[in-house]
Amino acid sequence: MDYPFFELEQKWQKIWRQKRIANAPDGGDKPKYYVLSMFPYPSGELHCGHASNYSIGDVISRLKLMQGYNVMQPMGYDAFGMPAENFAITHNSHPRLTTEANITAMRKQFDGMGFLFDWDRELSTCRPEYYKWGQFIFKRMYERGLVYRKKSFQNWCNECATVLANEQVEEGRCWRCSTEVEQKELEQWYFKITDYAEELLDFSDTIQWPERVITMQKNWIGFSLGTRIEFPLENSDEKIPVFTTRPDTIFGVTFMALPPEHPLVQKWLVEEPDNKELQDFCKKVINEDKVSRSSAETTKEGIFSRRYCINPLNGDKVQIWITNYVLMDYGTGAVMAVPAHDQRDFEFAKKYNIPIKVVIQNAERSLKEAEMTEAMTEAGWQANSAQFDGLPSEEGIQKITEWIAENGWGEATKTYRLRDWGISRQRYWGTPIPIIHCPKCGVVLVPDSDLPVKLPENVQVGKTTSNPLLSVPEWLNVSCPQCGEAAKRETDTMDTFVDSSWYYARYADPKNTNVPFASDKADYWLPVDQYIGGIEHACMHLLYARFFYKFMRDMGWVKGGEPFQRLLTQGMVLKDGAKMGKSKGNAVDPQYIIDRFGSDTLRVFLLFASPPEKDVEWNDDALMGAFRFLNRIYRLITGNLEAIKRGKDQSFEPEALSSPFQELLYSTNYTIKRWREDSLSRMQYNTAIAAIMEHLNNCVSIKNPETRSKADLAVYAAALKAILQMLYPYAPHIAEELWQLLGEAKLLHESGLPEYKEEYLVQDSITYVIQINGKLRGKMEISPDLDDEAIKAEALQVENVMRSLEGHEIKKIIVIKGKMVSIAAK
RNA sequence: GCGAAAGUGGCGGAAUUGGCAGACGCGCUGGACUUAGGAUCCAGUAGGUUCACUCCUGUAGGGGUUCGAGUCCCCUCUUUCGCACCA
């Protein structure tokens, strides 16, 4: 008979709800603990990935509850974005309807898993009461100079007259009409995240994140120290600024490389409409899809612009080339090319017969242009560098930069790889940008009193192809808040990453109608103590959220500098080696599992299969193993209820125990110790569960406990109670049910963490292993209080050791206390 | 190409600071039992060798450090993830 998981899970979910154990007050005597799992996109269906992620968060929440914290574990929905809009387009409906229906469905499924979410704090980014405050924050950023507009190239479908996201481009064509995608230059809104680049690079010791994520983020921000130099254009007042980390090579510049997107090139395109070669090349490169253009395999191509600039250091005339291998997004968008000392420049120069000039010599001073087969990128000695000849190139970097600064050609500077954050999306289903464009006043912010700028409801997203907001005149046309003249609303909406950059703060005060959140509540709850989410967010979401937090700190809204104290990046759920998903056809519906085996089984399977930060491979048989494990516990407790009740909370003298119960006492205490380390310190839940299983095996091996002495029964009852306490965070329903069956009045989390006593972990003999030259040659049981000399003597008496040492000379004997004796012999 | 990880039985994984490799679970093999269940209980299960005790080999591959290496160092290979040719 399987245990009645269905009834008891329903029962306990109801009791937890009634007792409001998931609902955290904004204060009180207990210390606070804020557990946050990244909120989901409301697809309407709980998948195994959700079940896995949120199981981890729920384990942490319940552990913290047991430890007596005031635990907040909120849940909400990242509800804006393309999937809802796409669904609406294909099904000719409205995203709000499907989204709200999905939210209702998901909440029910979350409850079925027994997660302790504080539903009083639920939020959804697509609701005006939430996005009003996103608009409010946008305005405050604007006022502080952190928002600006600039032109940039976007994927554009002429047929649909709309911007396409990268994922809407399929093999260079529009996903809907298969028209070839072009690049169109559009005005876009940007957040100046680069203003915070330096601070974002600082993770100092207050942030307890996986080293891996910090490294990835540091590399993403990409700090480099270098020199900015301006190359004047020949016969013109214009200058081309470049950034280089190798000013020591500046005398070796033989051409200037510009991408077609460069403003100068864009100007030449307008000036020379009949230059077919130039027009065609630029159009081709700009329209190349960005992935293939950024691939290393792509051959370097370019055309000579027939223009020159001047190397200010030596007056050299430098050819200007337009190339496909330089990107507008990094540095100044122009590269001073030094083929002798940069591999890409070298390849390009070889292909187009551009001169190569060695300015850094190797140790032998033997480098000759004509003999080079690849660039010499190492440090060396300056050559062909005027007064700097003969200097080590490291010194050349410094001296040449000083000379550049003295002459006003440039300066030492820092550059980051990080780019400003483009937040404009030409879509309906997102937070409207609170801007009005007035023909007289220009860009005007919507007054706070008019927030939120609500999305118009009477939109049929499927009807138009371009941004649906353009097709709602009563929404689009407004009077200017400043001059009252006819004006138009901004139709761009915000990137959904904006919504998710501050939601963790809104949970602290989710119903506030005056400000995004009250500072006293934020001060109480923030920062998030434990954040849980996928590694895929290492660079984007986690960086944006840190940026927003620093901005909110500068506004005086929050304290401290980091939003997330600890971070756990959990793995994915895989099936047959691939990410589980509907599109792949390998999805397992968690509801199907819950209906047949209960959510406790699903939780234990997911948590036991691997440590939380690693991927979980789905396995039907292993799932059954989790189910059997819970059944064994249920049988053990319900089958021995009388014995347990008799022994429960009885005191005993360890000397009075029979030998199996002495061992059980040790097992109980040892297991609690391991479980506490694995659950609390190491957060390695798979081994915490394994420890419970081992202890369960020890308990099961005791037959007919009811025939035992009172002292033995006391130990027996304590052993089983410990199992339930240890099981609680992982399989809370069954643990709570059996706890109640034992006659406990309190809920399990109120019982506190299981405790162990060191005195019960002391053993009268210890197993030592004996190694000879690193090979295992024997074992011995000895008393723990022997000294090293006595241990050595004992070891040499072990029969197999004696045999192995025959004919060998002992060089050294090493004793590792409590573990082993290592003998080095010859 | 750059960046970040990973590689241990038939499978998922364990070994926390360099100290008994393979905990725990799955699967498999044999046995017991039976209300025949997606049962339960007991025993075995890295490979080789031996009747057995033993012994040998073994953590992607190759070197090294050490009394001792899955763990540290160097090189190579493979796989996964991310990427914006990072000048």
Side-chain angles (χ1 to χ4, degrees), chain A residues 1-2 210-213 215-220 222 224 226 242-246 249 257 290-291 293-298 300 323-338 341-345 415-419 535-536 538-540 572 577 596-597 604-605 608-611 613-629 631-632 635 674 677-678 681-682 684 686-694 696-697 700-701 703 767-776 778-779 800 803-804 811-814 816 818-825:
Chain A
M1 261 298 273
D2 297 336
E211 205 50 52
R212 180 184 171 194
V213 177
T215 308
M216 283 163 81
Q217 231 179 67
K218 278 185 179 168
N219 291 341
W220 183 267
S224 54
V242 300
F243 172 82
T244 181
T245 54
R246 293 293 305 274
T249 65
K290 282 175 183 157
V291 180
R293 199 171 145 192
S294 62
S295 153
E297 276 76 54
T298 307
K300 289 161 185 59
T323 71
N324 68 343
Y325 77 96
V326 173
L327 294 183
M328 195 56 220
D329 301 316
Y330 184 72
T332 61
V335 169
M336 55 164 233
V338 186
H341 306 294
D342 180 280
Q343 186 57 26
R344 284 154 311 177
D345 299 345
T415 286
Y416 298 91
R417 214 182 68 110
L418 181 69
R419 312 198 297 242
I535 188 80
E536 68 270 21
C539 292
M540 312 270 274
M572 292 180 301
R596 270 150 199 83
F597 309 106
V604 168
F605 160 70
F608 180 63
S610 67
E613 65 278 1
K614 283 188 71 173
D615 293 345
V616 173
E617 174 74 32
W618 185 268
N619 181 327
D620 287 331
D621 289 325
L623 179 84
M624 292 314 298
F627 188 52
R628 282 201 294 264
F629 165 59
N631 269 306
R632 285 182 91 197
R635 274 198 311 272
R674 281 172 64 192
E677 279 167 7
D678 289 348
S681 315
R682 297 208 302 153
Q684 189 165 302
N686 55 332
T687 50
I689 294 170
I692 304 174
M693 288 174 168
E694 275 182 71
L696 176 68
N697 290 342
V700 167
S701 66
K703 305 295 176 197
T767 306
Y768 272 69
V769 296
I770 301 148
Q771 284 187 354
I772 299 171
N773 293 336
K775 289 201 190 324
L776 182 67
K779 292 188 184 188
N800 200 43
R803 192 166 4 143
S804 302
K811 310 279 282 183
K812 190 157 58 160
I813 303 180
I814 299 159
I816 311 294
K819 280 187 177 158
M820 73 182 316
V821 179
S822 186
I823 301 168

Query raised in the report: Does B:rG9 fall in syn (glycosidic angle within 90° of 0) or anti?
Result: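 Because its glycosidic torsion lies within 90° of 0, B:rG9 adopts the syn conformation.
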
Kindly point out which of [options] is positioned nearest to the side chain of [X]?
{"X": "A:T244", "options": "B:rA87, B:rU16, B:rG13", "answer": "B:rA87"}
{"X": "A:R628", "options": "B:rG13, B:rU40, B:rC20", "answer": "B:rU40"}
{"X": "A:K703", "options": "B:rU16, B:rC41, B:rG19", "answer": "B:rC41"}
{"X": "A:L776", "options": "B:rC20, B:rU16, B:rC24", "answer": "B:rC20"}
{"X": "A:N219", "options": "B:rA4, B:rG12, B:rG25", "answer": "B:rA4"}
{"X": "A:M820", "options": "B:rG19, B:rG25, B:rA87", "answer": "B:rG19"}
{"X": "A:N619", "options": "B:rA87, B:rC26, B:rA14", "answer": "B:rC26"}
{"X": "A:S224", "options": "B:rA87, B:rG13, B:rC24", "answer": "B:rA87"}
{"X": "A:K812", "options": "B:rU16, B:rC67, B:rA15", "answer": "B:rC67"}
{"X": "A:K775", "options": "B:rC56, B:rA4, B:rA87", "answer": "B:rC56"}

Whole-Å gap separating [atom2] ([N]) and [atom1] ([X]):
{"X": "A:M624", "N": "B:rU40", "atom1": "CE", "atom2": "C1'", "result": "13 Å"}
{"X": "A:Y325", "N": "B:rA87", "atom1": "OH", "atom2": "C1'", "result": "8 Å"}
{"X": "A:F605", "N": "B:rG12", "atom1": "CZ", "atom2": "P", "result": "12 Å"}
{"X": "A:I823", "N": "B:rU66", "atom1": "CD1", "atom2": "C1'", "result": "17 Å"}
{"X": "A:M540", "N": "B:rC83", "atom1": "CE", "atom2": "P", "result": "8 Å"}
{"X": "A:F608", "N": "B:rA23", "atom1": "CZ", "atom2": "P", "result": "11 Å"}
{"X": "A:I692", "N": "B:rG25", "atom1": "CD1", "atom2": "C1'", "result": "13 Å"}
{"X": "A:E617", "N": "B:rG10", "atom1": "CD", "atom2": "P", "result": "17 Å"}

Counting the atoms with a prime plus P, OP1 and OP2 as sugar-phosphate, which does [X] contact under 4.0 Å by heavy atoms, base, sugar-phosphate, or nothing?
{"X": "A:N697", "result": "sugar-phosphate"}
{"X": "A:G625", "result": "sugar-phosphate"}
{"X": "A:K779", "result": "base"}
{"X": "A:D2", "result": "nothing"}
{"X": "A:E677", "result": "base"}
{"X": "A:E694", "result": "sugar-phosphate"}
{"X": "A:A824", "result": "sugar-phosphate"}
{"X": "A:M216", "result": "sugar-phosphate"}
{"X": "A:F597", "result": "base"}
{"X": "A:R212", "result": "sugar-phosphate"}

If I pick the [atom1] atom on [M] and the same atom on [N], what distance separates them, to the nearest angstrom?
{"N": "B:rC33", "M": "B:rU16", "atom1": "C1'", "value": "42 Å"}
{"N": "B:rA15", "M": "B:rG70", "atom1": "P", "value": "15 Å"}
{"N": "B:rU49", "M": "B:rA43", "atom1": "P", "value": "27 Å"}
{"N": "B:rA52", "M": "B:rG47", "atom1": "P", "value": "15 Å"}
{"N": "B:rA46", "M": "B:rC42", "atom1": "C1'", "value": "23 Å"}
{"N": "B:rG64", "M": "B:rA4", "atom1": "P", "value": "29 Å"}
{"N": "B:rG58", "M": "B:rG22", "atom1": "C1'", "value": "11 Å"}
{"N": "B:rG48", "M": "B:rC53", "atom1": "P", "value": "16 Å"}

Requested in this report: Using modelled atom types only, decide if a donor and an acceptor are shared between the side chain of A:N773 and the backbone of A:A825 within a distance under 3.5 Å.
Outcome: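 Yes, A:N773 side chain to A:A825 backbone: donor-acceptor pair under 3.5 Å.
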
Query raised in the report: Can you check whether A:D615's main-chain N or O pairs, donor with acceptor, with A:S610's side chain at less than 3.5 Å?
Result: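 Yes, A:S610 side chain to A:D615 backbone: donor-acceptor pair under 3.5 Å.
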
Quick one: does [X]'s side chain get under 4.5 Å of [Y]'s, heavy atoms only?
{"X": "A:F608", "Y": "A:M693", "value": "yes"}
{"X": "A:F629", "Y": "A:I692", "value": "yes"}
{"X": "A:I814", "Y": "A:V821", "value": "no"}
{"X": "A:R212", "Y": "A:I535", "value": "yes"}
{"X": "A:R632", "Y": "A:V700", "value": "yes"}
{"X": "A:M216", "Y": "A:N219", "value": "no"}
{"X": "A:M624", "Y": "A:F605", "value": "no"}
{"X": "A:S224", "Y": "A:F243", "value": "yes"}

Query - Pairwise 5' ranking along RNA chain B for A:N773 and A:K819, keeping only the more 5' one - result: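 Looking at the nearest nucleotide for each, A:K819 comes out on the 5' side.
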
Query raised in the report: Between A:R419 and A:T245, which is nearer to the 5' end of RNA chain B once each is assigned its nearest nucleotide?
Result: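 The answer here is A:R419.
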
Query raised in the report: Hey, does the side chain of A:R635 come within less than 4.0 Å of B:rC41's phosphate (OP1/OP2), counting only N and O?
Result: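 Yes, because at least one side-chain N or O of A:R635 sits under 4.0 Å from OP1 or OP2 of B:rC41.
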
Query raised in the report: Has A:Q684 got a side-chain N or O lying under 4.0 Å from the OP1 or OP2 atom of B:rA15?
Result: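 So the side-chain polar atoms of A:Q684 do come within 4.0 Å of the phosphate oxygens OP1 or OP2 of B:rA15, strictly under.
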
Requested in this report: Measure distances between side-chain N and O atoms of A:S822 and base N and O atoms of B:rG68, and say whether any donor-acceptor pair falls under 3.5 Å.
Outcome: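 In this structure, the two groups form no donor-acceptor pair.
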
Query raised in the report: Taking both distances under 3.5 Å as the test for a Watson-Crick or G-U pair, what stems of at least three pairs does RNA chain B have?
Result: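 Stems (3+ consecutive pairs) listed as B:1-7 with B:77-83, B:10-12 with B:24-26, B:27-32 with B:40-45, B:46-48 with B:55-57, B:60-64 with B:72-76.
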
Requested in this report: Indicate whether the side chain of A:N631 and that of A:R628 have a donor and an acceptor atom separated by less than 3.5 Å.
Outcome: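 Result is no, nothing qualifies.
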
